[in-house]
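Working notes for the structure below.
Just so it is clear: chains get the letters A, B, ... in the order the sequence lines come, proteins before strands, and each one is counted from 1. Because only heavy atoms are used, hydrogens play no part in the values below, and waters and symmetry mates are left out as well, while side chains stay in. Treat the numbers as computed from the prediction; the structure is a model and nothing was measured.
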Amino acid sequence: MAPGTHGSRAKRPMTRGTRGASVHGLPTHTARPLTIDPPRRCAMGWTRVVEALGAPVGAEVTVKGWVRTRRDSKAGGGLSFIALHDGSCFEPIQAVAQATLPNYADQVARLTTHCAVEIDGVIQRTPKGGNEILASAVRVVGWVEDPDHYPIQPKPHSFEYLRQVAHLRVRTNTFGAVARVRHALSMAMHRFFHERGFFYVHTPIITASDCEGAGQMFRVSTLDLLNLPRKKDDMTGPTDAGLINAGSAPFTSPGVAAEGERIDFSQDFFGKEAHLTVSGQLNVETYCCALTNVYTFGPTFRAENSNTSRHLAEFWMIEPEIAFADLAANATLAEEFVKYLINAVLTERADDMKFFDERIEKGLVERLRHVLDSPFRRLPYTEGVKILRDAAASGKARFEFPVEWGKDLQSEHERYLTEEHFKQPVVLINYPKQIKAFYMRENPPGTDGAPGPTVAAMDVLVPKIGEIIGGSQREERLDVLDVRIAEMGLPLQEYWWYRDLRRYGTVPHAGFGLGFERAMMFITGMQNVRDVIPFPRAPGQAEF
RNA sequence: UCCCCGAUAGCUCAAUGGUAGAGCGAGCGGCUGUUAACCGCUAGGUUCCAGGUUCGAGUCCUGGUCGGGGAGCCA
C-alpha cells in the first residue's frame, strides 16, 4: 500500500531540492511529508479521500464526504461521475456510479453540490491514469435542500461573498486549502520549537495588568452595565489619562463615572480592571527566566477600530523568548524560524501550495523559495534611513511620506528596502528609542552612529508583505528599566513582578512576535487577513 | 478614525430619466469515460432601507445601513 500515496505523487515537482537538503546552511529538521505509510485509515474505520487516491487498484474502500460535482453520462447504460471531497487533501476523488445501482434514478442522479454521501466501492484507474472508485453502493447521508439557493455553487465565488457564508466557505477549494495550510503551519511551528528544546507556555488570555501597552484593549467585566458601582474619586488610583491610554476607549468608558466619581472596579470579578491580553510577552518572560527557551502561541485581542485587510480584533500570535541571548541571536532564531515554516509547508502541503501558486498568486512558490534561499540582510535602522533618503534624493524612489531619523518607517519604506534595494528579507535593527516600547534594551550611545538613543529592537521585513516579525532584546538592567518606565509615564507599581525578574538573577534575554495570520498571508498569497482565519473578528464583524 | 468606491436574479455583472437583461449556477431534456464539459428549453426580481425631485427613478438629490479598497495604528 506504500507506493504512490497521494501526497508523494503530487508533491514531487514542488519540493525539489528541499527535502533533506539544508536550508541556507542551517541543519535540516525533520519536516517530513504528512503522508502516512501505510496509508492511514481514520479511527472510525473508513477510508479518507487522501488514502483512496493512493490506494492500489482492487482495494475495497468506503469513503465519506461531500459531493463537489456530479456529471452524468449515457455511456454503458448510464452512469454518473461524483467528485467527492472530505477535506483530507486538495484533490477530490471521483466515484463512478452506474445506473444499475438500486437508488440511481431517485437518489444518485439527484445529488447536488455538497450533499453528504457514503460510497462503497473498488479502486480502479481512470482512462487518464488516476484513481477512482467504482461504486457498489451510494448512501445519501444528507441532502442539500433547495440547491438553487444553496450559497456555495460549483462556480467561482468572490472572497467578499464567501465571508458572508463563513460556515460553508471551508467546503470550497480555497478555504479547504487555507485550513490545511493553517494546520500545517501550526504544527510546523510547534515542531520547530520542540526540536530545539523550547517549552510551550500557556500565557493567560485575561490580564488584570493594564500595562501591556500594545494597543486598545477589550474590557473583561461582570459588572452590571446598567448599574455600575461607583466610588468617590480619591485620586490615588491611575490618572484618567493613564486609564485612557491603557483602557478600552473608544469602546468603553475610561472608568470615570461622573464628576468626582469613578467606577469601583474593586467590586468587579477580579477586584480590579481586567482586559483581554494584547500580548503574552511579559508573562512569557517570566518562564524564559527559568526554563531558558520558551514560546507562547495563543489568541490576542486588539480593540483598535482599524478596518483593513491586515488587521483583526482577534488574531493568533507566536512569541518565543530566549534567555542568555542578545539581539543577534534573536534575529538568527527569527530567520531560522521563517525558513523552517516555509520549508515545512512547501513539503507537507504541496497540493494546496500548488493551488495557491496557480490560482491565488502567480509565482508564490518562487517567491517563497527565494526567501528560503536568501540570507536575511541585517541592517541598522540608521543605515536604512540613509539608504531611503539617498534613494529619494537621487530620484530612485518616490515616497509619499518623507523619511526622517526618529520616525517610524512607513510600509512603503519597508517594502522599498526589502523589495527594491536588497531584494531579499531584511532584519532592521536598533531603532530610535523614542518610537519603541519601554521594555526594549537601550543601546550604548553612538551605536551605528545614530544621532540619538536607540534600543535593541528588530523588525523582519519580507518582500510583498513588509513587516512580518517584530522583536527586541529586553532591558534586563533594573535601574535602566525603571528610568524608562518613568519616562513613559507608566505606573511603576503595576510592573512589580516584571521588575522582580531584574532583581533576582536577571539575564540578558530577547524575543519576538510573529502574527500567525500575517504568516498565513505570506505563505498562501491570500491578500485579506479575514480569509486566512476561520471566523474573522473585526469592528462590526462577529457573526459566526 | 479619515479618504475613495460600491449595493440590481442563488452568484458575477449589464441596463441615455421611459416595458428588468446576460453569463454562470439551478430544474427539465439531448449528447457524452465525464472531469472549468457541451447543446436546447424553463423557472427565477420589494433593483439595500427611508424620504425627496419628476408625468415617469435601478438611474438624479438627501439621510441611513451594510460591504469593499486605500491610509493611519500595528501583528
Ignoring backbone atoms, establish whether [X] has a side-chain N or O less than 4.0 Å from OP1 or OP2 of [N].
X: A:Gln410; N: B:G72; result: yes
X: A:Asn307; N: B:G69; result: no
X: A:Arg310; N: B:A71; result: yes
X: A:Arg530; N: B:G68; result: yes
X: A:Thr126; N: B:G33; result: no
X: A:Ser309; N: B:G70; result: yes
X: A:Ser73; N: B:G33; result: yes
X: A:Gln541; N: B:G67; result: yes
X: A:Arg71; N: B:A36; result: no

Requested in this report: Tell me the stems RNA chain B sits in, counting at least three consecutive Watson-Crick or G-U wobble pairs, each under 3.5 Å on both distances.
Outcome: B:1-7 with B:65-71, B:10-13 with B:21-24, B:26-30 with B:38-42, B:48-52 with B:60-64
Among [options], the one nearest [X] by side-chain distance:
X: A:Asp148; options: B:G72, B:G25, B:G68; answer: B:G25
X: A:Phe401; options: B:G68, B:U34, B:G72; answer: B:G72
X: A:Asn528; options: B:G10, B:G69, B:C74; answer: B:G69
X: A:Asp72; options: B:U32, B:G10, B:G27; answer: B:U32

Query - Qualifying residue for ring-ring contact (aromatic ring centres under 6.0 Å, His included) with A:Phe516, from A:Phe297, A:Phe315, A:Trp316 - result: A:Phe297
Remember a base hit wins even if backbone is also touched, and classify [X] as base, sugar-phosphate or nothing at under 4.0 Å, heavy atoms.
X: A:Phe315; answer: base
X: A:Thr113; answer: nothing
X: A:Val96; answer: base
X: A:Ala75; answer: sugar-phosphate
X: A:Thr300; answer: nothing
X: A:Pro154; answer: sugar-phosphate
X: A:Gln124; answer: base

In whole angstrom, give me the gap between the [atom1] atoms of [N] and [M].
N: B:G58; M: B:A36; atom1: P; answer: 41 Å
N: B:C66; M: B:G10; atom1: P; answer: 23 Å
N: B:G21; M: B:A15; atom1: C1'; answer: 7 Å
N: B:U53; M: B:U62; atom1: P; answer: 15 Å
N: B:C39; M: B:G45; atom1: C1'; answer: 27 Å
N: B:A22; M: B:G17; atom1: C1'; answer: 23 Å
N: B:U46; M: B:G52; atom1: P; answer: 22 Å
N: B:A71; M: B:U8; atom1: P; answer: 27 Å

Side chains of [Y] and [X]: any donor to acceptor distance under 3.5 Å?
X: A:Ser472; Y: A:Arg474; value: yes
X: A:Tyr340; Y: A:Arg191; value: yes
X: A:Glu132; Y: A:Gln124; value: yes
X: A:Glu319; Y: A:Ser279; value: yes

Report task. Check each of A:Arg180, A:Lys64, A:Arg171, A:Arg48 against A:Asp86 using the salt bridge (Lys or Arg N to Asp or Glu O under 4.0 Å) test, and report the only one that passes. Result -> A:Arg48
Decide yes or no, distance alone: a donor-acceptor N/O pair under 3.5 angstrom between the base of [N] and the side-chain of [X].
X: A:Gln153; N: B:G10; value: yes
X: A:Lys74; N: B:C31; value: no
X: A:His311; N: B:C74; value: yes
X: A:Glu304; N: B:U1; value: no

For [X] and [N], what is the distance between atoms [atom1] and [atom2] respectively, to the nearest whole Å?
X: A:Phe399; N: B:G72; atom1: CZ; atom2: P; result: 13 Å
X: A:Gln164; N: B:G68; atom1: CD; atom2: C1'; result: 11 Å
X: A:Leu79; N: B:U32; atom1: CG; atom2: P; result: 12 Å
X: A:Phe81; N: B:C31; atom1: CZ; atom2: C1'; result: 14 Å
X: A:Gln94; N: B:A37; atom1: CD; atom2: C1'; result: 12 Å
X: A:Lys155; N: B:U35; atom1: NZ; atom2: P; result: 19 Å
X: A:Gln527; N: B:G69; atom1: CD; atom2: P; result: 9 Å
X: A:Asn173; N: B:A36; atom1: CG; atom2: P; result: 11 Å

Mind telling me whether [Y] and [X] have parallel, tilted or perpendicular rings, with 30° and 60° as the class edges?
X: A:Tyr295; Y: A:Tyr200; value: parallel
X: A:Phe192; Y: A:Phe337; value: tilted
X: A:Tyr498; Y: A:Phe438; value: perpendicular

Query raised in the report: With nearest nucleotides of RNA chain B determined for A:Gly515 and A:Tyr161 from heavy-atom distances, which residue corresponds to the more 5′ nucleotide?
Result: A:Tyr161
Report summary line: Between A:Lys128 and A:Leu409, the residue closer to the 5' end of RNA chain B by nearest nucleotide is A:Lys128
Query raised in the report: Just wondering, are more than 12 heavy atoms of other shown residues or ligands nearer than 6.0 Å to CZ in A:Arg139?
Result: yes
Report task. Might you work through the side-chain hydrogen bond (donor to acceptor under 3.5 Å, both in side chains) test for A:Gln473 and A:His509, ending with a clear yes or no? Result -> CA-CA 6 Å; A:Gln473 185 174 343; A:His509 61 290; over 6 Å; no
